[in-house]
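These notes are about the structure you will find just below.
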Amino acid sequence: MQRTLSIVKPDGVQKNLIGEVISRFEKKGLRIKALKMLHVTKEQAKKFYIVHKEKPFYDDLTNFLSEGPIVVMVIEGEDAIAKVRETMGATNPKEAAPGTIRADFATDIERNIVHGSDSPESAAYEIPFFFSAVEIMD
Ligand code: UDP
Ligand code: MG
């Protein structure tokens, strides 16, 4: 069993896709172990995406993540990290496989609806960023 963090980003919430995103994960046999909606500040977005601090898109990305409410969730299952990433599709929706969340709904490489941890190391940073131990169901 593996745990990962996923986010319905502000564009996904705005487009009324919270249920759609969760449903796609559930249909893959993954289980939601924690869930909440919140609106992060620019400073919190910068801290969450600290791995990208040297990237040219860091400022725009952190403005985007803090522009409106998001839904954050802990997802559990066998190979949960890879399964969530497969369900999301490639970062750039033009390169995302047909039937993935990003191919179906994303606007562009930035406004791409959904986040998923890319490794056990990033999940270990991202899950406690949003959830305390008592908020994650056993
Ligand atoms: N992003 C962007 N421009 C890029 C690459 C990424 O705006 O050239 C944004 C996009 O929202 C992406 C996020 O930054 O989801 C994090 O980038 P990463 O490479 O980690 O992609 P992901 O893991 O989300 O597929
Ligand atoms: Mg990433």
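Note that ligands are numbered from 1 as they come in the structure, with each ligand's atoms numbered from 1 the same way.
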Side chains of Thr62 and Lys42: any donor to acceptor distance under 3.5 Å?
yes
Closest non-hydrogen protein atom to atom 16 (C) of ligand 1, residue and atom name please, with distance?
His52 NE2, 3.6 Å
Just to check, does Lys9 reach to within less than 4.0 Å of ligand 1 when the distance is taken from its heavy atoms?
yes
Any Leu61 heavy atom less than 4.0 Å from ligand 1:
yes
Taking atom types as modelled and ignoring hydrogens, do the side chains of Glu126 and His115 form a donor-acceptor contact shorter than 3.5 angstrom?
yes
Out of Phe64, Tyr58, Phe57, whose heavy atom is nearest to atom 2 (C) of ligand 1?
Phe57
Tell me the protein heavy atom at minimum distance from atom 21 (O) of ligand 1, and give that distance in Å.
Thr91 OG1, 3.3 Å
Would you say Arg31 and Phe25 make side-chain contact, with heavy atoms under 4.5 Å?
no
Of the protein's non-hydrogen atoms, which lies at the shortest distance from atom 10 (C) of ligand 1, and what is that distance?
Ile109 O, 3.2 Å
Using side-chain heavy atoms (C-beta onward) and a distance below 4.5 Å, is Arg3 in contact with Ile75?
no
Under 4.0 Å, counting heavy atoms only: does Arg111 come that close to any atom of ligand 1?
no
Per-atom contacts, ligand 1 versus Asn112 - under 4.0 Å to a heavy atom:
10 (C), 11 (O), 12 (C), 15 (O)
State the atoms of ligand 1, each with its element, that fall below the 4.0 Å cut-off from a heavy-atom position in Glu110.
7 (O), 10 (C), 11 (O)
Option with minimal heavy-atom separation from atom 24 (O) of ligand 1, where the choices are Arg85, Arg102, Lys55, Met88
Arg102
Regarding Ser23 and Lys27, do their side chains bring together a donor and an acceptor under 3.5 Å, going by distance alone?
yes
Are any non-hydrogen side-chain atoms of Ile127 and Ile136 less than 4.5 angstrom apart?
yes
Flag, side chain of Arg102 to backbone of Asn92, donor-acceptor distance under 3.5 Å:
no
